[in-house]
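Accompanying notes for the structure given below.
Everything numeric here is computed off the predicted structure, so don't read it as measured data. Residue numbering restarts at 1 for every chain, and letters A, B, ... go by the order of the sequence lines.
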Amino acid sequence: MERRLLPRRGILVSWTTQEFLPKEPYAGDETPETFKPYGVGLVQLGDEVRVEARLTESDPDKLQLGMDMELVVVPFRVDADGSEVLVHAFAPA
Amino acid sequence: MYDVAIVGVGLHPFGRFGDKTAIEMGAEAVAAACSDAGIAWNDVQFAFGGSADTDFPDAIVGLLGMTGIPFTDVYNGCATGASTLSVTADAIRLGKYELGVAVGMDKHVPGAFTGDPRVVMAPVWYGEIGQFLTTKFFGMKINRYMQTHGISVQTLARVAAKNYRNGSLNQNAFRRKRLSEEEILSSQMLNYPLRQYMFCAPNEGAAAAVLCRADVAHRYTSRPVYLRATELRTRRYGAYEVHSSWAAVEEQPAPTVFASRAAYEAAGIGPEEVDVVQLQDTDSGAEVIHMAENGFCADGEQEKLIADGATEIGGPLPINTDGGLIANGEPIGASGLRQIHELVRQLRGEAGDRQIGGMPRVGYAQLYGAPGIAAVSILTA
């Protein structure tokens with residue numbers, strides 16, 4: 001297996017929202033009461049590959065096919081010992 | 001190769017049945033299929049049994065009779081029902097047996113399917129961060145399709161309302177209450193643009209068929225239905241499918257397209273000759289897309305066809321006449337054989353309030369599911 005550095009920016013090929021709290025193996029720390037919908041998108045990185053990832057935006061009015069996206073790192077959950085777990089996501093660029 | 005006929009079908013209703021086991025439901029479906037074919041269980045030479053959540057479908061011999069026959073269990077994702085039918089048919093086509101049973105049964109817990117992502121070759125993190133969700137894939141696929149091909153949200157509601165309406169005419173259906181397009185469009189958003197009442201639900205049920213060599217079908221029925229094609233395909237490199245954490249830039253059509261083409265070729269039948277259709281409506285958007293993937297229209301034509309009522313029971317292209325997955329739910333092992341049950345009833349003119357007009361001659365069934373698998377069966381009267 002060879003490591004390969006992919007572009008940080010890409011184009012939104014498709015997207016949806018996740019509006020209900022996923023069951024296990026989901027490792028988020030939300031409850032049904034605190035859960036907030038998140039976006040999920042398929043992002044094409046240059047002409048190399050398409051990857052599926054969370055989006056920082058979940059408002060359908062602010063997401064469009066073909067829009068430019070950029071990789072960011074966002075908070076995901078806080079562990080019992082207080083340490084913050086981060087996750088990769090794409091944000092409108 | 002021998003031709004294959006379906007000479008009996010049986011169904012245990014789809015729904016939720018408390019403590020009743022999938023084995024009990026499967027045995028009832030087989031008993032009904034044998035009765036329909038006018039045979040006894042003792043006459044059955046072999047069987048295949050499909051299930052996702054029941055480890056030993058063959059355990060139904062404990063209820064039907066321990067006659068010692070070869071009974072092989074099958075699991076093939078959402079294509080399990082069609083795969084069970086296909087291997088049963090192949091055993092007859094190849095001349096090994098003359099008469100056999102295909103049965104599917106399942107009993108799922110309520111709520112979306114989940115589990116360990118590694119079982120579909122997806123990474124562990126894919127589940128941990130909340131992407132291992134079947135419904136999310138269908139949202140992604142239809143959202144892009146609608147914007148690319150001019151399909152409206154109203155069309156999604158029309159398809160769901162049609163399937164609930166058909167389900168209300170089906171005493172074996174899970175959801176028998178009609179829902180208006182307004183009720184569907186005001187139900188909870190699950191995965192944009194798909195709302196709760198646009199999705200099917202995992203549930204419970206069983207279905208069975210008795211198959212035999214076509215040249216002896218007249219012994220069992222005066223109205224055999226011939227199984228002209230059973231074709232299964234997996235995804236190709238470049239397809240974006242359920243639980244794909246990535247996809248190649250160069251797109252490939254979905255596996256349904258290849259299964260469909262192969263089935264038309266094997267049957268020597270084209271889409272314009274099909275009279276009654278069963279499509280995998282995991283959600284109403286999937287039914288819309290599958291209309292095109294199976295060759296019944298061009299991409300985008302669904303908008304007008306559905307508005308004009310073409311896919312209704314009284315229309316020229318009736319789809320999911322028994323309510324499909326949306327009204328019946330999806331007990332995975334049984335779902336594909338439920339489709340076959342409905343097609344056989346329609347082709348024999350026995351579908352009662354759901355009976356399509358004319359003298360239907362050709363029936364078509366399609367299944368699709370994770371991690372990118374599709375099956376198509378073509379039947380003729």
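When heavy atoms are compared at a cutoff of 4.5 Å, B:Gln196 does not approach chain A at all. When heavy atoms are compared at a cutoff of 4.5 Å, A:Gln18 approaches chain B by way of both its backbone and its side chain. Contacts of B:Leu190 with chain A are made by both backbone and side-chain atoms, with heavy-atom separations under 4.5 Å. Proximity to chain B (any heavy atom under 4.5 Å) is restricted, for A:Val87, to the side chain, taken from C-beta onward. Proximity to chain B (any heavy atom under 4.5 Å) is shown, for A:Val13, by both the backbone and the side chain. Interface residue B:Thr135: only side-chain heavy atoms are found under 4.5 Å from chain A.
For the pair B:Arg236 and B:Phe258, the cation sits on the ring face: its NZ or CZ lies under 6.0 Å from the ring centre, inside 45° of the axis. Taking the ring centre of A:Tyr26 as origin, the terminal cationic atom of B:Lys136 falls outside the region bounded by 6.0 Å and 45° from the ring axis.
At least one side-chain heavy atom of B:Ile184 sits under 4.5 Å from a side-chain heavy atom of B:Tyr164. Residues B:Met121 and B:Pro371 fail the side-chain proximity criterion, which asks for heavy atoms closer than 4.5 Å.
Between chain A and the residues B:Tyr192, B:Phe132, B:Trp246, the largest count of heavy-atom pairs under 4.5 Å involves B:Tyr192.
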**Request:** Could you give me the CA-CA distance, side-chain angles and deciding distance for B:Tyr240 and B:Phe137, then say whether ring-ring contact (aromatic ring centres under 6.0 Å, His included) is met?
**Result:** CA-CA 9 Å; B:Tyr240 171 69; B:Phe137 164 78; 5.5 Å; yes

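In this structure, A:Thr56 and A:Val72 approach most closely via the heavy-atom pair CG2-CG2, 3.7 Å.
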